[in-house]
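Here, residue 1 is the first one in the sequence, and each next residue gets the next number.
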Amino acid sequence: MSLLNLALQNVALERPDMIEDYERKMKRNGSMTKVRNIGEKELHYNKLFDNLHWLPDPVQVQKDSNEYKSFDDVYGVETDDSGRPSLVSKNVPTSADLGHKGGFVAARARSFIICRVCGNRRVVYSGKRLTIDQMRLIERVQEEFIFTCGAPLFPDGVMKETVYVREGQSCNSEMETTYYSDVNGLNTPVCFFCGDTEVITNQEIQNLKQEYGIVRPICDTCFQGGKRPAVRNALKTNKKKR
């Protein structure tokens, strides 16, 4: 997310749709670095745009600082997303999370909400089955692009304590395992590490499924990057006695 977002809070930006293939590629990437890589490799730009620069990532004045350089200081300079606030944040339970002790379990996983910054799906929890009105409110939050990782689902109001998300997360957090419990049968399999909806299967993954009861989905990008599927519950094998 660029400095433009930091400067224009609560301002909506609209653009016309690109061709379907480009839209699909862009939606799969949650950082400016990934978007740049696709643009440099696959998109063809007119020479009229040669003097334009990518919108810069947030750049901290000093490491671990909450102060960021101005747009003028970093425009035209090569940057990366290492200083993005949602990536810098560590996964530490908030006071709200601690107040929901025992509430982040599969039995209370009712739905999910998508972060408007990284595109990852975060589990929505509730002690009771969601009503139609509650589901509509969640859809409204989603449609208005309000939710981001680490923020409360409902900052105030009657649903603040009864319908909630895990706030001690960042855009760099892996998927919650409760997402895969899918009590409603509506959740699309997504990569455990990055949330990509295009997951893969190959012989290595098939072999793991013969050895473990649970093999989490993984996308090709994470697999090619050296990551391997997260696994649980090793299966017992019966060996014949000689």
Candidate pair Lys69 and Val61, rule side-chain contact (heavy atoms from CB on, under 4.5 Å), full reasoning: CA-CA 6 Å; Lys69 294 182 179 180; Val61 174; 4.3 Å; yes
Flag yes if Ile113 and Leu137 sit in one hydrophobic cluster, no otherwise; membership is Ile, Leu, Val, Met, Phe, Trp, Tyr, and two members link when side-chain heavy atoms are under 4.5 Å apart. yes
Side chain proximity check, Ser173 to Arg122, heavy atoms < 4.5 angstrom: yes
Do Val215 and Met175 share a hydrophobic cluster, counting only Ile, Leu, Val, Met, Phe, Trp and Tyr and linking them when any side-chain heavy atoms are less than 4.5 Å apart? yes
Less than 3.5 Å apart, which donor and acceptor atoms pair up between the side chains of residues 160-168 and the rest of the protein, not counting sequence neighbours?
residue: Tyr164; atom: OH; partner: Gly103; partner atom: O; Å: 3.1
residue: Arg166; atom: NE; partner: Glu176; partner atom: OE1; Å: 3.2

Can you measure from OG (Ser126) to CE (Met135) and round to the nearest 0.5 angstrom? 12.0 Å
Straight-line distance of Leu208 CG to Gln203 CD, nearest 0.5 Å: 10.0 Å
Keeping Thr148 on the side-chain end and Ala151 on the backbone end, is there a donor-acceptor pair under 3.5 Å? no
Which heavy atom of Ile205 sits nearest to which heavy atom of Pro229, and what is that distance? CG1-CG, 4.0 Å
I'd like to know if Phe112 and Ile146 are part of one continuous hydrophobic network [Ile/Leu/Val/Met/Phe/Trp/Tyr, side-chain heavy atoms within less than 4.5 Å]. no
List for me each residue that meets side-chain contact (heavy atoms from CB on, under 4.5 Å) alongside Val105, sequence neighbours excluded, and say none if there are none. Ala107, Arg108
What distance separates Thr201 OG1 from Gln206 CD, expressed to the nearest 0.5 Å? 4.0 Å
On a heavy-atom basis, the closest approach of Lys128 and Arg110 is O-NE, 3.4 Å
Heavy-atom pair of closest approach, residues Cys191 and Val199: N-CG1, 3.5 Å
I'd like to check Phe104 versus Val123 (side-chain heavy atoms, cut-off strictly below 4.5 Å). Are they in contact? no
Minimum side-chain heavy-atom gap Leu130-Ser111 below 4.5 Å: yes
Atom pair CG/CD of Asn120 and Glu174 - distance to nearest 0.5 Å: 10.5 Å
Rounded to the nearest 0.5 Å, what separates atom CZ in Arg121 from atom CG in Asn187? 7.0 Å
Could you check whether the rings of Phe71 and Tyr75 sit parallel, tilted or perpendicular, using 30° and 60° as the cut-offs? parallel
Gln142 vs Ile138 side-chain heavy atoms within contact, under 4.5 Å: no
Nearest heavy-atom pair of Pro217 and Tyr180: which atoms, and what distance? CD-CE2, 3.6 Å
Residues Cys115 and Cys149: closest non-hydrogen pair is SG-N, 3.4 Å
In Å and rounded to the nearest 0.5 Å, what is the OG1 to CD1 distance from Thr177 to Ile214? 8.5 Å
Of all heavy-atom pairs linking Tyr125 and Thr178, the shortest is OH-OG1, 2.6 Å
Determine whether more than 12 heavy atoms belonging to other residues, nucleotides or ligands lie under 6.0 Å from atom CG of Leu98. yes
So, is the end of the Arg228 side chain (NZ or CZ) under 6.0 Å from the ring centre of Phe223 and within 45° of the ring's axis? yes
